[in-house]
Amino acid sequence: NAGVTQTPKFRVLKTGQSMTLLCAQDMNHEYMYWYRQDPGMGLRLIHYSVGEGTTAKGEVPDGYNVSRLKKQNFLLGLESAAPSQTSVYFCASTGGRNEQFFGPGTRLTVL
Amino acid sequence: GQSLEQPSEVTAVEGAIVQINCTYQTSGFYGLSWYQQHDGGAPTFLSYNALDGLEETGRFSSFLSRSKGYSYLLLKELQMKDSASYFCAVNRDDKIIFGKGTRLHILP
């Protein structure tokens with residue numbers, strides 16, 4: 001099992017560009033999450049999904065959109081990137097209410 | 001809202017015991033978890049407390065008191081590889097919210 005994978009691992013964008021981050025899990029988990037991590041800020045929840053076809057807002061959803069068309073995939077979109085979105089993005093999944101499995105992260109820089 | 005407070009840094013000596021605290025101002029959550037994250041890596045799960053009391057897994061133990069709004073992670077027989085950041089997190093209404101983390105420094 002690959003667990004949770006994220007694509008791409010690194011990306012540099014210019015202000016105003018758009019991009020999509022892909023998260024995939026092969027553990028048949030219902031719940032999936034997108035976090036951003038900035039120095040000194042810990043992990044902040046952007047959006048999450050409790051099952052295929054569902055999405056919900058987290059703590060910091062502005063500037064991001066998500067989709068969960070297939071159970072194994074959770075996509076995070078930036079429609080018009082801003083320098084404030086420079087961060088490390090982690091995807092996670094869980095089959096229940098306790099252990100989260102994290103992907104390796106995507107390092108995004110917006111110039 | 002919910003707020004999880006952790007000390008930003010803790011320093012301990014190799015071979016010793018260290019306690020990392022997490023206090024919170026939220027209620028009605030399913031449980032509290034602890035995660036470890038090494039520099040440049042992803043968070044990894046350490047422990048979960050659904051009920052009050054102590055949970056032990058090897059050198060790591062975690063304690064929860066809902067009435068006191070308090071949890072701690074206890075690391076025994078510290079090793080240099082335990083140098084990392086440690087996060088507490090609560091699961092409430094299917095959202096999993098993290099504290100800002102505690103950086104653990106270990107001295108030889």
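Note that the coordinates shown come from a computational prediction; the quantities given were computed from them, not determined experimentally.
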Measure [X] against the heavy atoms of chain B and call it side chain, backbone, both or neither at under 4.5 Å.
X	answer
A:Leu43	both
A:Phe101	neither
A:Arg44	neither

Inter-residue atom distance [X].[atom1] - [Y].[atom2], 0.5 Å rounding:
X	Y	atom1	atom2	result
A:Tyr35	B:Ile96	OH	CD1	5.0 Å
A:Glu99	B:Asn91	CD	CG	13.0 Å
A:Tyr48	B:Asp94	OH	CG	6.0 Å
A:Leu45	B:Ile97	CG	CD1	5.0 Å
B:Lys95	A:His47	NZ	NE2	11.0 Å
A:Gln37	B:Phe87	CD	CZ	5.0 Å

request  = Heavy atoms only: give me the nearest A:Phe90-B:Gly41 pair and the separation to one decimal.
outcome  =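 What the structure gives for the nearest pair is CZ-O, 3.6 Å.
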ask   = What are the two closest non-hydrogen atoms of A:Gly103 and B:Ala42, and how far apart are they?
value =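 It is O-CB, 3.2 Å.
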Answer yes if [X] and [Y] sit in the same cluster of Ile, Leu, Val, Met, Phe, Trp and Tyr residues linked by side chain heavy atoms under 4.5 Å apart, and no otherwise.
X	Y	answer
A:Tyr33	B:Tyr48	yes
A:Val4	A:Tyr89	no
A:Phe102	A:Leu108	no
B:Met80	B:Leu73	yes

If you count heavy atoms of other groups shown closer than 6.0 angstrom to [atom1] of [X], is the number above 12?
X	atom1	result
B:Leu51	CG	no
A:Gln17	CD	yes
A:Lys71	NZ	yes
B:Arg66	CZ	yes
A:Glu79	CD	no

task = Look at the side chain of B:Tyr35 and the backbone N and O of A:Gln100, then say whether any donor-acceptor pair between them is shorter than 3.5 Å.
result =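 Yes.
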task = Using non-hydrogen atoms and a 4.5 Å limit, figure out which bit of B:Gln37 sits close to chain A: side chain, backbone, both or neither.
result =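 Only the side chain of B:Gln37 comes within 4.5 Å of chain A.
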